[in-house]
Each structure stands twice: as structure tokens, then as C-alpha cells.
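Each chain gets a letter, A, B and so on, in the order the sequences are listed, and its residues count up from 1.
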Number of protein chains: 2
Amino acid sequence: MMFSKSCEYALKAVIHLCIKAKGESRLNISEISRAIDSPEPFTAKILQTLSRHGIISSIKGPGGGFYIDKKAAPIRVIEIIDLIDGKHAFDRCGLGLKDCNEDRPCPIHKEFKSYSVQLKHLLETKTIQEFAKEISRGNAFLINT
Amino acid sequence: MMFSKSCEYALKAVIHLCIKAKGESRLNISEISRAIDSPEPFTAKILQTLSRHGIISSIKGPGGGFYIDKKAAPIRVIEIIDLIDGKHAFDRCGLGLKDCNEDRPCPIHKEFKSYSVQLKHLLETKTIQEFAKEISRGNAFLINT
DNA sequence: CATATTTAAGACAACCAAGTCCGAAATAGC
DNA sequence: GCTATTTCGGACTTGGTTGTCTTAAATATG
């Protein structure tokens, strides 16, 4: 697994919010977890974290729920990964060395580096909104049939 | 983390054996775990698994230990990963979907696929012996300073 | 203001990977 | 054959991630 379960749910949830709750409309926890096929209370925890850090917004009380602020900038995929899984979650040494670098590389360093550089660039430039658009168009999906 | 701790230790251990215990000479558990900086009893478990599946060889008793059969074919990196972490450990869906494919992709499927294909090819063609050579030449390392 | 609805927060439980321990089996050397 | 050494195998412990539950806080509505 590239990312933790928490991170997978976070990515799916924010993508779904971008489609269904941009601006005025809101979605509550049960609607979200149903849409992305995730355990409801666990999803609640993750949504709270995302909200606490300002990646998504929330409103308590009747008619409340979670939503994406219309005026907010597009959300880069890397922001969610850094928040949930920690920085450099995906570009650590393949053999687990703490200090693996060009000067003192592990044997698979060079090969892995070329991938993680590409991957990092992808995650830093791609936005959740772009993914949401693919879903809206029916070109991609968040759950299995 | 790309691979499990078990898999990291397995890769390091087999690389080390390729350097120090090819043919007649053997290394025991404490020598190996010291060389690759891993917990001794946990490393023992992993070496047993590798031995049971014929990736490395072992001899019990005084002067015994683990070694790489000189006559055995070079060990492809993928063999160790498949054994320890299970098949397709590294090319599962980035969002955790069970059935994610071209026909019904998750939004990050296409981008991830292009990496996992490259990575898979690398792991299927690179051998432990090649990595061992890099270590022997002083161009790569298995532990931090 | 009372009530229903919804998120917030923290404690708790279940699960799995990581790591330990111990007795059994094999074997080399005396 | 006895002893020391070493791997083998299984049971056990620990720690972190995943997932649940319960109570509190906020707020919309009548």
C-alpha cells in the first residue's frame, strides 16, 4: 500500500466533497462515508482532522456538515498526504535507511529516486479538483461496482 | 514505506549473504543482524522463511549458518518481495480499490500505473547479485554511518 | 427556551505487523 | 555418546493503525 487507510479515505472524501459540496451545499458524515464506502465513525475522525487544518470546512447543527469553501484555492493532492501520512510518506528509502542520499546511497537508491521524483512532482501539481472532474465526467470512480 | 520491515530486512540480509557467504562460507544469525542493523530474533524468523522457500540455504549446528548456494541462479529482487510481502505488494490501487483497472479506474489510476509498470520491470530484472556488487565496490551501503 | 441535529473530542477496542522467547531438532567435535 | 552450537518452529508480547463508542458543544427551528 502506497498510503495509509486514513489517507485513502481522506483523498476519497475530499474528492467527493469537491463534486457534491462545493460552495453552499453540505454533506454530513453518513452521506460521505456511504459515498466512498468507508467506516462511518472512522471517517468522522479523518474529516475532523481535515477540517481542523482548514483543508475542508464544517458547520455544526441541523443542516450542517462538511463542504469545500468556494473561495479557497484548489487543493493539491500532496497537502492531504502530508497532513495525514506525514511529510515524505512516499519518498523514503526503499530499504528503510534513515540517511540515504547520493553521497551514501542504499543499493536501490538511484532507481527508486527516479520514481519518487516523478511521483512527488505529480502529487505536488495534481489537484483534488482535477480528480473530481474526472469522476464527474464518468471517466473515473471512487468505489467498486 | 514501500515495503514492510520484514521485507527490508530480507533484502538487506540476502544482499549481505551474497557478499559474505557465497559458496562454502556461512554466516550465523548474529553476524547477519549485526551487519544489516536489524533485531536479531526477528531477523532469525525472516531468514527461516527465506531458507524454507529455498531462496537461501542453511546448515544447523556448530559452524553452521546461512549462505547462498553457489550453483543457484541469481536471485531476482521480485522473488523476495513476492515471498515476504505477497504478490503485487507495490502495484495495488493508490486509493485501495479492490478492482481498479482501465475499464473502471480510480482517479489516480492512470498516473500510478505508469510508475508501477516501470517499478515492476525494475524489480523483475534487477538481481540481488547486482546490488551486492555495488556494495562490494563501495558505491552503496546497507547501514547508516 | 427546548429540542433535534450535527460536528468535536477523547477514551476505548480490535487487529495486524514487528519483535521476543523458549524448547526442539540437527550436527560438529571431543 | 555427550556437549556445545546453531537453526527451526511455535507461542507469546508489544506497538501502531484502524475502527468504535460516548459525551460535549454548537446551532437551526419551532
Side-chain angles (χ1 to χ4, degrees), chain A residues 1-14 17 21 24-34 36-69 81 83-86 89 92 95-96, chain B residues 1-14 17 21 24-34 36-69 81 83-86 89 92 95-96:
Chain A
M1 304 288 182
M2 177 81 40
F3 307 121
S4 69
K5 275 285 162 202
S6 298
C7 196
E8 288 177 6
Y9 296 149
L11 291 168
K12 288 186 201 176
V14 180
L17 284 174
E24 300 312 304
S25 54
R26 290 134 199 185
L27 292 181
N28 64 28
I29 295 169
S30 80
E31 290 169 319
I32 295 168
S33 64
R34 218 176 312 122
I36 67 174
D37 191 26
S38 63
E40 195 171 313
F42 189 46
T43 307
K45 287 265 143 252
I46 296 162
L47 291 168
Q48 283 164 27
T49 303
L50 291 166
S51 167
R52 208 180 314 122
H53 289 83
I55 291 181
I56 64 178
S57 305
S58 71
I59 292 183
K60 288 183 188 174
F66 297 90
Y67 64 101
I68 306 285
D69 190 338
I81 296 167
L83 174 64
I84 305 293
D85 280 355
R92 283 194 265 256
L95 292 184
Chain B
M1 302 288 180
M2 177 81 39
F3 308 121
S4 69
K5 277 287 161 199
S6 298
C7 196
E8 287 178 6
Y9 296 148
L11 291 168
K12 289 186 200 177
V14 180
L17 284 174
E24 299 311 304
S25 54
R26 289 135 200 185
L27 293 180
N28 65 28
I29 293 169
S30 78
E31 290 170 320
I32 295 169
S33 63
R34 219 177 311 123
I36 67 173
D37 190 26
S38 64
E40 197 171 310
F42 190 43
T43 308
K45 285 265 145 255
I46 297 161
L47 290 167
Q48 282 165 28
T49 302
L50 291 166
S51 167
R52 208 180 312 122
H53 288 83
I55 291 182
I56 63 177
S57 305
S58 69
I59 292 182
K60 287 182 190 175
F66 298 90
Y67 65 101
I68 306 285
D69 190 337
I81 297 167
L83 174 64
I84 306 293
D85 280 356
R92 282 194 265 256
L95 292 185

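Residues forming a ring-ring contact (aromatic ring centres under 6.0 Å, His included) with B:F66 (at least two apart in sequence, or on another chain): none.
Between the CG atom of A:L17 and the CZ atom of A:R26 there is a distance of 12.5 Å, given to the nearest 0.5 Å. With rounding to the nearest 0.5 Å, the separation of CD in A:E40 from CZ in A:R34 is 7.5 Å.
Put simply, CD on B:E24 is 13 Å from P on C:dA28, counting in whole angstrom units. Summarising the geometry, the separation between CD on A:E31 and P on C:dT5 is reported as 14 Å, rounded to the nearest angstrom. Between the CD1 atom of A:I56 and the P atom of C:dT7 there is a distance of 10 Å, rounded to whole Å. Here the P atom of nucleotide D:dT27 and the CZ atom of A:R26 are 11 Å apart, to the nearest Å. Atom CD1 of B:I46 is separated from atom P of C:dG19 by 8 Å (rounded to the nearest Å). In this structure, A:K5 atom NZ and C:dA14 atom C1' are separated by 16 Å, rounded to whole Å. With rounding to whole Å, B:E40 atom CD is found 14 Å from C:dC22 atom P.
Side-chain N/O atoms of A:Y9 include none lying less than 4.0 angstrom from OP1 or OP2 on D:dT18. Look at B:S6 and you'll find a side-chain N or O under 4.0 angstrom from OP1 or OP2 of C:dA18.
Residues B:F42 and B:S33 are not in side-chain contact: their nearest non-hydrogen atoms beyond the backbone lie 4.5 Å or more apart.
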Please tabulate, one pair per line, all N/O donor-acceptor pairs under 3.5 Å involving side-chain atoms of residues 47-57 of chain B, not counting sequence neighbours.
unit_1	atom_1	unit_2	atom_2	d
B:T49	OG1	B:K45	O	3.2
B:S51	OG	B:S58	OG	3.2
B:H53	ND1	B:T49	O	3.0

Self-check item: Under 4.0 Å protein heavy-atom contact, by nucleotide of nucleotides 6-14 of chain D - B base, S sugar-phosphate only
Solution: BBBBBB---
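Using a 4.0 Å heavy-atom criterion, one finds that B:P39 contacts the sugar-phosphate atoms exclusively.
Between A:E8 and A:K5, at least one side-chain nitrogen of the basic residue sits less than 4.0 Å from a carboxylate oxygen of the acidic one, meeting the salt-bridge criterion.
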